[in-house]
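Accompanying notes for the structure given below.
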Amino acid sequence: MTDQLKKYLFENRSVRVQAVRLSDTWRDALAHHAYTPVVRRLLGELVAASTLLAANIKFDGSLLLQIQGDGPISLVVVECRSDLSLRATVKVREGQTVPEDGTLQSLLNVHGAGRFTVLLDPKRKTPGHQTYQGIVPLEGETVAQALEHYMKSSEQLDTRLWLAADDQQAAGLLVQRLPDHGGQPGEAPDEAWNRATHLASTLGAGELLSVDTDTLIHRLYWEETLLAFDPMDVRWHCPCGRERVAEMLRMLGRDEVDSILAEQGHVEVLCDFCGKPYLFDAVDCASLFAADAPIPGSQHPPTVH
Ligand SMILES: [Zn+2]
C-alpha cells in the first residue's frame with residue numbers, strides 16, 4: 001500500500017476535507033537520522049502539513065515550510081513538490097539539549113526571534129507565477145496552531161489542522177471552509193463548517209496515527225455526503241546522489257581530499273538533507289581526479305602528483 005493523500009468535498013462544496021497518512025515516506029525521512037521523539041514529532045507534523053498545503057497548489061513547483069529557530073532547534077525545512085514528493089530535515093543547535101516536552105515556542109522561539117516562512121516556488125517563473133514568500137507568525141504551541149493562524153490572516157481561509165507523528169507514521173487532517181460556495185437552500189452559511197469542525201474536534205494524535213484514512217473519514221463524516229477525489233500518492237525524494245557528491249569533492253580539490261584521506265583513511269560525505277552517507281575510499285578518490293574527469297567550476301587545473 002502506498003502513502004496517499006485523500007481529498008473530499010462536502011456535497012454543497014462549502015467545506016474541503018483532506019487527510020494524509022505516511023508510512024514509507026516517513027520511514028525514508030527518518031532512515032539516516034537519529035532524531036529524539038520530540039524532534040521527530042515536530043518534523044513529522046510539518047511533513048504532514050506540507051502535503052496538505054501542497055495538494056492545492058496550482059503550478060508545477062515546490063512548497064517549502066521553513067522554521068529558523070532561536071532555541072535548541074536551529075532549522076526545520078520541508079520541501080513538498082506539486083507531485084507530492086518531498087524531503088525534510090532538522091538541525092539541532094550544537095551543545096543544546098532538546099526538552100522532551102518541548103513545544104513550538106520552547107523548541108524554536110525561545111527569544112521571540114524564530115522565523116517561520118512559507119515559500120511557494122514555481123519551477124517556471126511567469127508573470128502570474130513568481131516565487132511567493134509568506135511569514136507565518138510563530139503563534140501557538142503547535143505547528144497546527146501556527147498554520148491555522150497563517151491561513152486565516154494571509155489566505156482569509158478558515159482552516160483547522162490536526163497533525164501527528166511517531167516513529168512509524170506521520171499523519172494529518174485538514175478541514176477548510178471554502179469561500180463563495182453558494183450554500184444550500186435553507187442552510188445557514190456556517191452550518192456545514194460548524195458540523196465539519198465539531199465532528200473532528202475530539203480527534204487525537206493516537207487515532208490519527210492508528211486508523212487508516214478511509215476508516216477515519218467514515219468515523220468522522222458518516223452522516224455527511226462527501227465527494228471523493230482521486231487519491232494522490234506521496235513519496236520521499238531527495239535528489240542527492242553519488243555523482244553530485246563526486247562533483248562536490250572535485251570542486252573541493254585534490255589537496256583537500258588527499259588530506260582528509262590521510263587523516264581518516266576514507267572520505268565520508270553525508271547528504272545535508274536526507275543524511276544518506278556517501279563513502280569514497282582511496283581508489284574512488286584517485287578516480288575523481290583521473291585525467292579525463294571533468295572539474296566543474298574549477299578555475300585551476302588539478303595539480304598532478
Ligand atoms: Zn539526500
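Computation of the quantities below employed the complete heavy-atom set of this structure, encompassing side-chain atoms and omitting hydrogens, waters and symmetry-equivalent molecules. For clarity, every value in this text was computed on a predicted model and none was experimentally measured. Numbering of ligands and ligand atoms starts at 1, following listing order.
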*Answer yes or no: is there a donor N or O on one side and an acceptor on the other, between the side chain of Glu148 and the main chain of Leu161, under 3.5 Å?*
yes

*Would you call the rings of Phe10 and Tyr221 parallel, tilted or perpendicular if under 30° counts as parallel and over 60° as perpendicular?*
perpendicular

_Test salt bridge (Lys or Arg N to Asp or Glu O under 4.0 Å) applied to Arg244 - qualifying residues, sequence neighbours left out_ = none

*Without hydrogens or angle criteria, can the side chains of Gln176 and Thr159 be said to hold a donor-acceptor pair below 3.5 Å?*
yes

*Within the distance-only criterion (no hydrogens, no angle test), does the side chain of Ser82 pair as donor or acceptor with the backbone N or O of Phe59 below 3.5 angstrom?*
yes

*Intermediate values then yes/no, salt bridge (Lys or Arg N to Asp or Glu O under 4.0 Å), Arg177 and Glu155*: CA-CA 11 Å; Arg177 172 152 53 177; Glu155 313 276 321; over 6 Å; no

*Do you know how many protein N, O or S atoms are within a distance smaller than 2.8 Å of the Zn ion (ligand 1)?*
4

